[in-house]
Engineer: 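Have a look at this one.
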Amino acid sequence: MPAKILDGTAISRQILDELRAEVGEIVKKTGKAPGLVTILVGNNPASASYVASKVKTAESLGFHEVQINLPEETTEAELHALIEKYNEDDDVHGILVQLPLPKGINEKAIVNAIDPDKDVDGFHPLNLGKLLASGGKDGFVPCTPAGIKEILRRTGVNLDGAEVVVVGRSNIVGKPIAGLLAQKDDTANATVTITHTGTKDLAFHCRRADVLVVAAGVPGLVKPEWLKPGACVIDVGVNRIGMNEKTGKAILSGDVDFARAREIVGMITPVPGGVGPMTIAMLMKNTVRSAKRHLGLE
Ligand code: NAD
């Protein structure tokens, strides 16, 4: 039987509906809407398209949305000044600087300049530390790992004692999802292995995964014969593998051969339509949470 498709679009819609109701409550109680600033520097088309989706979703939820588009030549000092301004702005509860930034701007310094209490992307070291220490309950969890965990939770995947293998060790996906799923709590408690470019035998690790999270950015990296029958596969990879001549849109694929994997595993996320929409939904959730904290509702 082909695998169950974990439909991130449908799950994210549910989450957005829940958030819409929450935003209504916040506005009713405080007269203020959650405030999100998105800052895009330069002309990277993929970044522009990600920001456009985030802005559109924020607007559809009734957020106070401030969209800043800056030219490629923007200096680090200008960006710092802008972040400082929004750190101090009481109507702004979330600040998102779209990465990657143009060459010459120190990304780490920019991320570190965002008030951790408004860091709805969850990239600030303080928030990453809180994630490791306590699963991020008192901070912000980065949106992609948060989205992965939410897919697993809402689908009822049992993580207790499960063998989880994560492919990729980035600070925005691999390391935080590993940290989250290894937490000792009712929603995690898995045995987690992180694999990466230094891993000697990737196939060996993938073969024993009950839950396989692949975030490498390499199309077809995980071979179908490496998959454990019945496993749950979360494919985070977003690879542009061509262009649809008719629509002019990029053709996307994940890091796993979806069509062949579907015949082996128990559950799998598609690309697109899996982790991607969940990432945006969790950004909105983090912003609503931040607004509640700042407005004294949490
Ligand atoms: P990254 O480039 O920062 O990290 C990739 C990781 O994969 C590295 O840690 C590397 O060690 C590992 N890796 C690469 N090649 C490997 C190989 N041959 N064997 C073993 N490990 C290997 O990437 P990232 O920012 O974590 O993103 C990973 C992928 O996920 C990309 O395709 C990105 O576009 C996608 N992504 C999707 C979303 C979403 O919302 N859907 C969000 C973030 C990232």
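For the single chain, residues carry numbers from 1 onward in sequence order. Both ligands and their constituent atoms are indexed starting at 1 by order of listing.
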Engineer: Nearest 0.5 Å please: distance from the CZ atom of F140 over to the CG atom of L283.
Structural biologist: 10.5 Å
Engineer: What part of T195 sits under 4.0 Å from ligand 1 if we count only heavy atoms: the side chain, the backbone, both or neither?
Structural biologist: neither
Engineer: Can a salt bridge be assigned to the pair R154 and E18 using a cut-off of 4.0 Å between side-chain N and carboxylate O?
Structural biologist: yes
Engineer: Identify, for atom 39 (C) of ligand 1, the protein heavy atom at the shortest distance, and state residue, atom and that distance.
Structural biologist: T279 OG1, 3.7 Å
Engineer: Within 45 degrees of the axis of the six-membered ring of F63 and under 6.0 Å from its centre: does R20 put its NZ or CZ there?
Structural biologist: no
Engineer: Tell me which protein heavy atom sits closest to atom 7 (O) of ligand 1, plus the residue, atom name and distance to 0.1 Å.
Structural biologist: A216 CA, 3.3 Å
Engineer: Under a heavy-atom criterion of less than 4.0 Å, does V236 contact ligand 1?
Structural biologist: yes
Engineer: Check this for me: does any side-chain nitrogen of one of K56 and E59 sit under 4.0 Å from a carboxylate oxygen of the other?
Structural biologist: no
Engineer: Look at ligand 1 and say whether A215 reaches it with a heavy atom at a distance under 4.0 Å.
Structural biologist: yes
Engineer: Are K118 and S290 linked by a side-chain donor-acceptor pair shorter than 3.5 Å?
Structural biologist: no
Engineer: Going by atom types only, do R208 and T193 share a side-chain donor-acceptor pair under 3.5 Å?
Structural biologist: yes
Engineer: So which protein heavy atom does atom 25 (O) of ligand 1 come closest to, and at what separation?
Structural biologist: I172 CD1, 3.4 Å
Engineer: Tell me: protein heavy atom nearest atom 29 (C) of ligand 1, and distance?
Structural biologist: G217 N, 3.6 Å
Engineer: Identify, by atom number and element, the atoms of ligand 1 in contact range of G276, meaning under 4.0 Å from any of its heavy atoms.
Structural biologist: 40 (O), 41 (N)
Engineer: If we count only N and O atoms by modelled type, under 3.5 Å, do the side chains of R169 and T197 hold a donor and an acceptor together?
Structural biologist: yes
Engineer: To check your reading of the model: name the closest protein heavy atom to atom 11 (O) of ligand 1, its residue, and the distance in Å.
Structural biologist: T197 N, 3.2 Å
Engineer: What protein heavy atom sits nearest atom 24 (P) of ligand 1, and how far off is it?
Structural biologist: S170 OG, 3.7 Å
Engineer: Tell me whether D257 is salt-bridged to K223, with the criterion being a basic N under 4.0 Å from an acidic carboxylate O.
Structural biologist: no
Engineer: Checking contacts now, so for atom 15 (N) of ligand 1, which I'm interested in, is there any protein heavy atom under 4.0 Å?
Structural biologist: yes
Engineer: If you take the nearest heavy atom of each of V238, I194, I148, which one is closest to atom 32 (O) of ligand 1?
Structural biologist: V238
Engineer: Quick test of your reading of the model: are R293 and D117 salt-bridged, counting only N-O distances below 4.0 Å?
Structural biologist: no
Engineer: Considering all heavy atoms of both residues, which atom of K184 and which atom of N189 are nearest to each other, and what is their separation?
Structural biologist: CA-OD1, 4.1 Å
Engineer: Any donor and acceptor pair, going by atom type alone, linking the side chain of D255 with main-chain N or O of L221 inside 3.5 Å?
Structural biologist: no
Engineer: With heavy atoms under 4.0 Å as the rule, classify the contact between T144 and ligand 1 as side chain, backbone, both or neither.
Structural biologist: side chain
Engineer: N/O of R169 under 3.5 Å from N/O of ligand 1, yes or no?
Structural biologist: yes
Engineer: If the cut-off is 4.0 Å to any non-hydrogen atom of V218, which atoms of ligand 1 fall inside it?
Structural biologist: 15 (N)
Engineer: So which protein heavy atom does atom 12 (C) of ligand 1 come closest to, and at what separation?
Structural biologist: G168 CA, 3.8 Å
Engineer: Write out the residue and atom name of the closest protein heavy atom to atom 21 (N) of ligand 1, then the distance separating them to 0.1 Å.
Structural biologist: H196 C, 3.2 Å
